[in-house]
Structures are given as C-alpha cells and as structure tokens.
Number of protein chains: 2
Amino acid sequence: MSPENSYSLIVIDDHPLFRKGVADLISMDSELILIGEAASGVEGIALATELNPDLILLDLNMKGMDGIETLKKLKESNIDSRVIMLTVSDDEDDVVTALRSGADGYLLKDMEPEDTLKCLHQASQGRIVLCEKLTELLAYALREEAAHPADLDQASLTDREEEILELISQGLSNKVIARELDITEGTVKVHVKHILKKLNLRSRVEAAIWAVKEGDRRHHH
Amino acid sequence: MSPENSYSLIVIDDHPLFRKGVADLISMDSELILIGEAASGVEGIALATELNPDLILLDLNMKGMDGIETLKKLKESNIDSRVIMLTVSDDEDDVVTALRSGADGYLLKDMEPEDTLKCLHQASQGRIVLCEKLTELLAYALREEAAHPADLDQASLTDREEEILELISQGLSNKVIARELDITEGTVKVHVKHILKKLNLRSRVEAAIWAVKEGDRRHHH
DNA sequence: TACCAACTACCACCAAGGAGGTAGCGGTGA
DNA sequence: TCACCGCTACCTCCTTGGTGGTAGTTGGTA
C-alpha cells in the first residue's frame, strides 16, 4: 500500500516507449506514483507480488503471455491490486473477455491524457472504469444478442411434436413423456422419430441440445 | 425532423410534475425543443407517430402500458426517433432489458441537470448514452456472469470426464466418442457412468442439457 | 514401500431408443 | 364424398445406453 491519499502503480507493457509515455503522464499527477515497470506478463506478476501496488496498468496485446492470461494469473494470486487494462484494442470481445476475467477497468491508449488520469483516480477508489467509447460498445453488444430471434421457425413441427421436443429438452425419457401426456410409449417413439426426421437430427440427445440452444436464443436467458 | 442543429423531443411520462421538470430543463437549452408531452404509452406512441421527433424521453415505470412495452412498440413502428429511457430505477435487469429492447439511452432521473442535457445532446448525435452509474453497473453485471464458474466447479470431474462430457454435449454417441478419443466404447461407457453419478443425472440427455446450459453461462452466449 | 486415483479394458445383463411397417380415428378442405 | 393430415396404437428388429463387476497400468503421495 501507499501513504495517505496517494496511489502506487506499476505498468506492464512490452513496449518501452509506451511505458515511457505512461511514466510521463503519471508524473504529472501528484497523487499517483509509478513504482515499477515490467516488460512482460511473467515479469509483471513477479513485480506485482513484490510491490503490491494499488493499481496495475496492463497492456492487452503482449508477446509471450498475453494480457488476458496475465490478468487471470494476477487475479488468482493473493495481491489485491486493481488491474486496469490499457490498450489500443476497442474490440468488443476483448473488452467483454477482460471484464469477465476480472479486470477493474478498460481504457484505450488513445484517450485524452487528462481523461486517463481521471479514470485512474476513479479506479483507485474502487470503481470500475470504462472509457466512454466502450460504454457505448457494450450497449451495442447487448443489443446484438437480442437481435437473433426469427430463425428457421421450428421447421414445421406439429403441436404435439413441439410439446414432446420440449419434454425431451428437459431430459425426460420416452416412458416418462408417455405418462406425462397420457399416451403410450410407442406413440411417443413415433413422434420422436418424426421430430428427428424433420429436424434432420440423429438422436434425442441432438434434439435436446438443439432445443436448449434454440430456446436460449429466443428467450434471451 | 427539426431545423439546422436543433433537436425536437417529446416526453412520455405519467407524472405531470415530472413532465414539467423536464420541460423546464429542456427550455434551458437552446438546441433542444420540446414539441410534445404524453401521459401514457398509448398516447405517447400516437404523439410520436404524429410528430416524429428526434428524441423521445420515455419513463420506464408507467401505469398501463409500461415503458418497456412502449419502447418495443415504438421500435416496431416506422418512426426513427431515438428513444431515451429516463427513470428512477437503476436496477440492472431493467437497464439490460431496455437496451436489449432497443433503447438508445438510459438515464436516471436523479442525474445532475447539466449532465442530463449533455447526454441528450450526445444521444441526438446518434450515440447510445448511459449515465455513469450504469456503466459501472453493466460492468459488474458482466462480471457476475463470469463469477459463476466457481459454482460446484464441475463437481470434480476428471480431465477425461470433462472431455467426454463436452463430446456428449455435442450430441455424439459412445461409439463415436470412442473413435474420437481412440479408446473402446466400453471405456467411454465407464466414464459416462461416472459423470452421471458425480453430477447426479439420470441419462446422457440430461448431461448434454446440463453441459450446454452450463457452457452458455460461462462463455457469453 | 504401500496405497490411491485416474484411466483403461473386458464381461454380462437388461433397459431404452430408433427404424420400419400397418392401421384406426377425427377433422378439414377440395 | 374422397383425400389428406395429425394423432394414436401396436408390431418386429436391431442398436445404443447404462449398471454391475473385475482387473491391469501409470503416476503421485504418505
């Protein structure tokens, strides 16, 4: 940790020039103190363990161990530093992956210096920071997911068949389905046979998987 | 549409007092022009169709047709207004639902007036706006999803078992799995048996379903 | 060393699933 | 009326799946 209300940080990035840039930026802020630099993931983890800084600025695209992997390793270790991804990539998947892996922030290298500093302050106070550009991107991402619905519309299964497919997708056996619908097991088998034929599947397992994924896609779970 | 670089908007909210507040706020900004008010979803849709404003401020919690439903209807119609949800609820689900339903922004009623105006400007320029508080909330939400894995952590399946479960969840039969892994079918059956026992499931169908849903929960979609 | 867990293999046995066929019944539409 | 479709039922034949048990190998750990 660090004294009073100043925050220590280290930067992990394999570009010396970029580290230099960060150092300059940090030096402009009296509350942030750069206490170390690392040029790779491995080196960075060692350094973080040794210094236990308040913040870690981590580059996403590094040679060797990449940023995500480094992030995971850092989160698995005992240090309680907050990790901010700092990178050029505004790829949606990268952002999502980073956040899911426990990143405490995601900033872009092309942000205005003062914005970056502002975000670092917020981050050190425990907030998750995302640069504005990415907020928007996340919002779009959520929309995309919802855009899927109208598919091949059940390939014309009859009501009964849909009903049975639903039960299959709950893991029920033919016998149980028969009891459930109050028909014989033989009849259930006939329906299953038709379902498989219509959907061009090879077993009830495939049918179940298909139904689950399908159901998931329409009712955004 | 509206002249030069000023933007027309309407507000849909069942609280007169709140509409008054919005009107006052809007009047402080020379580029924003309030051209209509509606006290319900139905009324709002009619008004929007008639006036085709640049922006629509929509309350989430309304009596009768609620905000989400109104939002959907608006998006289904031909108007190309951008819809900004404006509400007191900072509930995560609400935000996500709204965005998935096509909202172009989500602002909180307790924001600072100047921030609100700033966001409205950004929105009228085609950006999706979220108030800061919510950005953070979304980030946390993404994390939550990822936080699940530690679940029952696969109930201690061995590597081989996980591997086989994965293949089952692709719909493969024991025979095919055997070929795939270059072991005998009998051995595959043994593994399947163990998987079922460990996960307390009754058939490969249930296993497949479980695996699919589980996989869905961890790897976004 | 002895022990344990994971992986492999083989066996027998029975339950479940799927393919093929035939057939009766009720409703709908030409 | 006849033809068609969806739903039901029953049949045979064969494959697949799941349970029980025994047992050999490897690698790591007490």
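Just so you know, these numbers use all the heavy atoms, side chains as well, and skip hydrogens, waters and symmetry mates. Throughout, protein chains are lettered first and strands after them, A, B, ... in sequence-line order, and every chain is numbered starting at 1.
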Handout entry: Criterion side-chain contact (heavy atoms from CB on, under 4.5 Å) against A/V11, the qualifying member of A/I26, A/L58, A/L34
Key = A/L34
Taking only N and O in the side chain of [X], is any of them less than 4.0 Å away from OP1 or OP2 of [N]?
X	N	answer
A/K175	C/dA16	yes
A/H191	D/dT8	yes
B/K193	C/dT8	no
B/R160	C/dA6	no
A/N174	C/dA16	no
A/K189	C/dA19	no
A/T187	D/dC7	no

Completion exercise
Heavy-atom nearest nucleotide on DNA chain C taken for B/L181 and for A/S203; more 5' hit belongs to B/L181
Exercise for the section: Answer yes when B/R160 and B/E163 have at least one side-chain N-carboxylate O distance shorter than 4.0 Å, and no when they do not. Expected result: yes
Handout entry: A/R19 bridged to A/D13 by N-O distance under 4.0 Å
Key = no
What's the [atom1]-[atom2] distance between [X] and [N], to the nearest Å?
X	N	atom1	atom2	answer
A/E206	C/dG18	CD	C1'	13 Å
A/D159	D/dG6	CG	C1'	10 Å
B/E185	C/dC10	CD	C1'	13 Å

Completion exercise
dist B/H191:NE2 -> B/L181:CG (nearest 0.5 Å) comes out at 8.0 Å
Any base atoms under 4.0 Å from [X], or only sugar-phosphate, or nothing? Heavy atoms, all strands.
X	value
A/V192	sugar-phosphate
A/S173	sugar-phosphate
B/T184	sugar-phosphate

Problem - Residues A/S81 and A/D54: side-chain donor-acceptor under 3.5 angstrom - result: no
